[in-house]
> 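Please see the structure below; I have some questions.
Given the structure is predicted, the values throughout are model-derived calculations rather than measurements.
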Amino acid sequence: MFYETETNAHGLKHDPFKAIVTPRPIGWIGTRAADGRRNLSPYSFFNAISDRPKLVMFSSSGHKDSVTNIEETGIFTCSLASRHLADQMNASSVSVPHGVDEFELAKLTPVTGRLVDAPYVGEAYAALECRATQIVRPVDIDGRETDNWVVFGQVVGIHISQEIIRDGKLDMAVARPLARMGYMDYSDGGADVFAMMRPKAG
């Protein structure tokens with residue numbers, strides 16, 4: 001099949017676009033408002049984009065509390081959403097009024113970063129402390145601003161639990177990172193882990 005996205009006439013029960021661009025890692029973004037109130041939200045438009053320097057990004061559909069808080073403070077955290085925290089991650093995705101603490105809703109332990117005054121999930125196997133570098137509002141092919149905000153941040157500190165370290169590496173079979181598939185589907189990144197060596201030219 002083929003369809004043009006302008007009409008989106010795919011004929012399927014649900015739009016397949018996000019089911020094609022999968023699996024997508026989940027950025028579990030922790031922020032604090034200027035008045036000190038905590039916020040925790042999962043974003044499936046998230047990824048690492050560089051390791052020198054260590055940069056991550058997430059995109060918010062709509063100008064949500066996470067973006068507002070980062071605009072005010074310039075800092076945020078990313079906690080690793082693992083299989084053992086799937087229910088809590090899902091609970092923190094609920095749409096609630098500004099100022100409601102998702103850490104409390106999801107019964108998670110907020111821990112303040114060592115280098116940034118933003119909370120991360122204490123139960124997570126890993127967390128990144130970040131300082132925002134850019135907040136960009138993308139435009140479409142006609143140059144019109146979309147209702148999306150992309151936040152870029154440089155990682156300044158990394159927390160890792162000893163529980164997921166095996167032989168000097170992070171063991172994904174233990175960490176079992178969650179990824180967003182299409183629709184309401186998720187995958188367990190530790191379910192089928194295999195290695196491949198990059199081929200050498202010639």
Side-chain angles (χ1 to χ4, degrees), residues 17-18 20-32 39-82 85 89 111-121 124-141 145-162 164-181 186-190 193-201:
F17 168 67
K18 289 191 285 187
I20 295 170
V21 187
T22 58
R24 300 192 307 278
I26 297 168
W28 211 359
I29 307 300
T31 60
R32 194 187 304 277
N39 182 269
L40 179 67
S41 298
Y43 291 86
S44 66
F45 292 124
F46 166 82
N47 222 317
I49 60 170
S50 168
D51 66 346
R52 295 182 184 177
K54 293 174 174 57
L55 296 172
V56 295
M57 61 71 64
F58 75 93
S59 179
S60 174
S61 299
H63 195 275
K64 297 176 181 173
D65 287 349
S66 300
V67 177
T68 298
N69 293 348
I70 294 169
E71 286 174 338
E72 291 177 349
T73 65
I75 55 176
F76 62 98
T77 67
C78 302
S79 296
L80 177 63
S82 296
L85 296 174
M89 181 279 298
V111 180
T112 300
R114 295 189 187 186
L115 302 178
V116 303
D117 186 21
Y120 65 91
V121 175
Y125 286 136
L128 311 176
E129 297 187 23
C130 306
R131 293 193 176 277
T133 58
Q134 290 176 282
I135 299 177
V136 178
R137 192 170 180 185
V139 298
D140 64 16
I141 56 177
E145 287 187 331
T146 63
D147 190 32
N148 301 281
W149 280 260
V150 182
V151 178
F152 296 88
Q154 184 165 331
V155 180
V156 295
I158 299 177
H159 302 263
I160 303 172
S161 169
Q162 289 291 334
I164 63 171
I165 298 177
R166 300 286 187 278
D167 300 322
K169 299 191 300 183
L170 301 194
D171 190 334
M172 291 299 104
V174 178
R176 300 178 67 185
L178 289 175
R180 186 71 185 268
M181 307 299 281
Y186 292 82
S187 65
D188 179 340
V193 179
F194 62 95
M196 288 194 297
M197 301 303 293
R198 182 180 298 177
K200 296 180 180 179

> Less than 4.5 Å apart, side chain to side chain, heavy atoms only: is that true for Phe58 and Ile70?
yes

> List the atom of Val150, the atom of Pro138, and the distance in Å for their closest heavy-atom pair.
CG2-CG, 3.6 Å

> Can you check whether Gly62's main-chain N or O pairs, donor with acceptor, with Ser60's side chain at less than 3.5 Å?
yes

> Kindly indicate whether the side chain of Trp28, heavy atoms from C-beta on, has any atom under 4.5 Å from the side chain of Leu85.
yes

> Suppose we screen for side chain to side chain contact (heavy atoms under 4.5 Å, CB included). Which residues come up paired with Asp140, at least two apart in sequence or across chains?
Asp142, Arg144, Thr146

> Given 3.5 Å as the limit, does a donor-acceptor pair link the side chain of Asn47 with the main chain of Ile49, or not?
no

> Could you pull out all residues at least two apart from Pro53 that satisfy side chain to side chain contact (heavy atoms under 4.5 Å, CB included)?
Ser50, Leu55, Gln154

> Take a 6.0 Å sphere around NZ of Lys54 and say whether it holds more than 12 heavy atoms from other residues, nucleotides or ligands.
no

> I need the minimum non-hydrogen distance between Ser61 and Phe45, along with the two atoms involved.
OG-CE1, 4.4 Å

> Kindly say whether Lys18 contributes a backbone atom to a donor-acceptor pair with the side chain of Arg24 at under 3.5 angstrom?
yes

> Taking the side chain as everything from C-beta on, heavy atoms only, tell me whether Val56 gets closer than 4.5 Å to Phe76.
yes

> Which residues pass the side-chain hydrogen bond (donor to acceptor under 3.5 Å, both in side chains) test with Ser41, not counting sequence neighbours?
Asn39

> Can you tell me how far the CE atom of Met181 sits from the OH atom of Tyr186, to the nearest 0.5 Å?
12.0 Å

> Quick one: closest heavy-atom pair of Ser59 and Asn148, and the distance?
OG-CB, 4.2 Å

> Supply the atom-to-atom distance Arg198 CZ to Lys200 NZ, rounded to the nearest 0.5 angstrom.
12.0 Å

> Distance from Asp65 atom CG to Leu40 atom CG, nearest 0.5 Å?
12.0 Å

> Once you round to the nearest 0.5 Å, how far does CD1 of Ile164 lie from NZ of Lys169?
13.0 Å

> Excluding sequence neighbours, so at least two apart, what forms side chain to side chain contact (heavy atoms under 4.5 Å, CB included) with Ile165?
Ile160, Gln162, Leu170

> Can you give me the closest heavy-atom contact between Phe46 and Met57, atom names plus distance?
CD1-O, 3.1 Å

> Where is the tightest heavy-atom contact between Ala179 and Pro23, given as atom of each residue plus distance?
CB-CB, 3.5 Å

> Can you list the residues that meet the side chain to side chain contact (heavy atoms under 4.5 Å, CB included) rule with Thr68, with sequence neighbours excluded?
His63, Glu72

> Please give me the minimum heavy-atom distance between Ile26 and Pro42, naming the atom from each residue.
CG2-CB, 3.8 Å

> Does a side-chain heavy-atom distance below 4.5 Å link Cys130 with Cys78?
yes

> Return the CE to CG distance between Met89 and Leu80, rounded to the nearest 0.5 Å.
11.0 Å

> Please report the interatomic distance CG(Leu128) to OG1(Thr77), rounded to the nearest 0.5 Å.
8.5 Å

> Between side-chain atoms of residues 111-121 and protein atoms elsewhere (two or more places apart, or another chain), which donor-acceptor pairs fall under 3.5 Å?
unit_1 : atom_1 : unit_2 : atom_2 : d
Thr112 : OG1    : Arg32  : NH2    : 3.1
Asp117 : OD1    : Arg32  : NE     : 3.4
Tyr120 : OH     : His159 : ND1    : 3.4

